[in-house]
Amino acid sequence: MSATEVFRKGSPTAPPGYFRWEAAGLAWLGAAPGGVPVAEVLHAGEDHLDLGRLVFANPDPASAEALGAGLARTHDAGAPAFGSPPAGWEGDGYLGPVSEPLPLALRPVAGWGEFYAAQRILPTVAMAVDRGIYRRSDTAVFEAVARRVAQGEFDDGSTPARLHGDLWSGNVLWTPAGAVLIDPAAHGGHRETDLAMLALFGCPHWDFVVGGYLEQHRLDSEWPRRVGLHQLHPLLLHAVLFGGDYPKRALEVARRYR
């Protein structure tokens with residue numbers, strides 16, 4: 001995947017360190033033995049990131065299966081804690097489009113439920129309330145979910161995984177050599193979060209992705225029932241950033257887990 005051309009991603013309004021944060025995430029994900037390849041970082045500046053330009057190809061079942069297996073190996077490379085930043089980065093990160101990146105809390109803790117409730121669900125609900133998206137009766141639903149999550153009711157004993165952190169299908173680029181990951185919000189988290197995000201907006205040959213993943217790393221039989229819970233944070237984030245039907249969708253999902 002050597003670079004013959006440069007793709008420059010830039011913004012003069014990006015917050016300080018935004019592109020160094022992305023570069024640190026790519027390096028950390030790329031260091032996972034046997035993991036999914038990532039875009040090659042050529043240079044990270046304060047207002048831009050230079051990456052090796054990729055050649056696109058249509059995905060097929062074999063490349064989808066390889067994506068699943070590689071993603072499992074990326075996750076298996078692990079992280080020091082839930083909420084830990086990628087190696088080479090200190091402090092909080094960012095999540096969202098470069099035009100409006102939102103803060104991403106990165107405060108390492110031992111338990112996934114504690115992390116997901118305090119650093120993902122509740123802060124994003126607070127942002128939605130500040131923007132007038134939800135009423136008090138709505139926030140009570142999210143708070144009820146957060147209490148159950150914080151108490152560990154949905155913890156499955158998994159150790160912290162090395163997450164991409166924003167793994168919607170648009171951040172998977174398909175090349176003749178297979179899938180390549182871009183635009184991470186990398187951190188230590190639950191492996192099911194990446195899978196749930198990848199499923200949220202659809203992924204080509206999804207059944208083959210899941211098959212490849214499960215061949216490499218088995219998940220417990222309850223994981224399909226937790227998919228909506230792991231999708232709750234990205235749905236809330238989309239409600240804050242884009243409005244539309246996302247506030248309704250997030251509330252409907254939350255009601256299933258309150």
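The model shown is predicted, which means the values in this text are computed figures rather than measured ones.
With hydrogens and angles ignored, the 3.5 Å screen pairs a side-chain donor or acceptor of N171 with a backbone N or O of D166. In this structure, the side chain of D50 does not engage the main chain of V41 through any donor-acceptor pair within 3.5 Å. Judged by distance alone, with hydrogens and angles left aside, the side-chain atoms of Y257 form a donor-acceptor pair with the main-chain N or O of G228 at under 3.5 Å. Put simply, the side chain of R162 never gets that close to the backbone of H75: no donor and acceptor are under 3.5 Å apart. Under the 3.5 Å distance criterion, the side-chain polar atoms of D92 are matched with a main-chain donor or acceptor of L106. The closest donor-acceptor contact from the side chain of R73 to the backbone of H217 lies at 3.5 Å or more, if one exists at all. In terms of modelled atom types and a separation under 3.5 Å, the side chain of S169 and the main chain of G202 share a donor-acceptor contact. The backbone N or O of V210 sits nowhere less than 3.5 Å from a side-chain atom of D207 that would complete a donor-acceptor pair. S84 places no side-chain N or O within donor-acceptor distance of the main-chain N or O of A79, the cut-off being under 3.5 Å. Between the Q119 side chain and the R107 main chain, a donor and an acceptor come within less than 3.5 Å of each other.
By the 6.0 Å contact criterion, CZ on F208 is open, its count of non-hydrogen atoms from other residues, nucleotides or ligands being 12 or less.
Note: F201 and H238 have tilted aromatic rings, judged against thresholds of 30 and 60 degrees for the angle between ring planes. The aromatic rings of F242 and Y246 lie tilted to each other, with the angle between the two planes from 30° to 60°. Relative ring orientation between F115 and H187 is described as tilted, the plane-to-plane angle lying within the 30° to 60° band.
Here the CG-CG distance, from L163 to L71, works out to 8.5 Å after rounding to the nearest 0.5 Å. From Y116, atom OH reaches atom NE2 of H233 across 7.0 Å, with rounding to the nearest 0.5 Å. Atom-to-atom distance recorded for M197:CE and L235:CG is 8.5 Å, nearest 0.5 angstrom. For the atom pair L241 CG and L236 CG, the distance stands at 11.0 Å (nearest 0.5 Å).
Salt-bridge annotation for R135 and D138: present, with a side-chain N of the basic residue lying under 4.0 Å from a carboxylate O of the acidic one. Of the charged side-chain nitrogens involved, none lies within less than 4.0 Å of a carboxylate oxygen, so that R258 and E143 do not count as a salt-bridged pair.
For the side-chain contact (heavy atoms from CB on, under 4.5 Å) test, residues two or more places apart in sequence or in another chain that qualify with P15 are Y18, Y94, P101. Considering only residues two or more places apart in sequence or on other chains, W89 meets the ring-ring contact (aromatic ring centres under 6.0 Å, His included) condition with W21. Scanning for side-chain hydrogen bond (donor to acceptor under 3.5 Å, both in side chains) contacts around S158 gives D156, with sequence neighbours left out.
Under the 4.5 Å side-chain heavy-atom criterion for Ile, Leu, Val, Met, Phe, Trp and Tyr, Y213 and L198 are members of the same hydrophobic cluster.
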